[in-house]
K.L.:
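Below you will find the structure I want to go over with you.
Both backbone and side-chain heavy atoms feed into the values below; hydrogens, waters and symmetry mates do not.
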Amino acid sequence: MKFLVPGAIAALAGTTLAFALVIVGTGLAEQNTRPEVDQSEQAQSALLNQPEYGSR
């Protein structure tokens with residue numbers, strides 16, 4: 001009984017700290033913006049923007 005309360009407090013503190021670390025780490029690592037597409041090239045040389053079909 002002497003070790004039960006401090007053990008429970010340590011387990012609760014560790015769980016809370018781990019949960020907070022996961023939430024903060026996920027928030028920092030997420031990528032929620034679209035990358036800018038470089039449209040300065042000609043459409044003939046584009047791979048995904050406007051491919052020219054039939055002239056291959």
Side-chain angles (χ1 to χ4, degrees):
M1 209 55 175
K2 186 196 253 183
F3 298 108
L4 185 63
V5 175
I9 291 173
L12 182 62
T15 303
T16 305
L17 184 62
F19 180 74
L21 186 61
V22 166
I23 295 298
V24 169
T26 303
L28 291 175
E30 72 179 342
Q31 297 177 358
N32 56 2
T33 58
R34 287 190 327 184
E36 293 295 325
V37 177
D38 183 20
Q39 295 181 346
S40 64
E41 299 285 328
Q42 295 292 330
Q44 296 172 353
S45 65
L47 294 176
L48 296 175
N49 291 334
Q50 295 176 356
E52 299 277 333
Y53 294 109
S55 62
R56 297 179 189 214

K.L.:
Would you mind listing the cluster partners of Ile23? Hydrophobic ones only (ILVMFWY), side-chain contacts under 4.5 Å, chaining allowed.
P.N.:
Phe19

K.L.:
Let me have the donor-acceptor pairs involving side chains of residues 4-16, under 3.5 Å, with sequence neighbours excluded, atom names and distances please.
P.N.:
| residue | atom | partner | partner atom | Å |
| --- | --- | --- | --- | --- |
| Thr15 | OG1 | Ala11 | O | 2.8 |
| Thr16 | OG1 | Leu12 | O | 2.8 |

K.L.:
Among Ile, Leu, Val, Met, Phe, Trp and Tyr joined by side-chain contacts under 4.5 Å, find the other residues sharing a cluster with Leu28 and list them by chain and number.
P.N.:
Val24

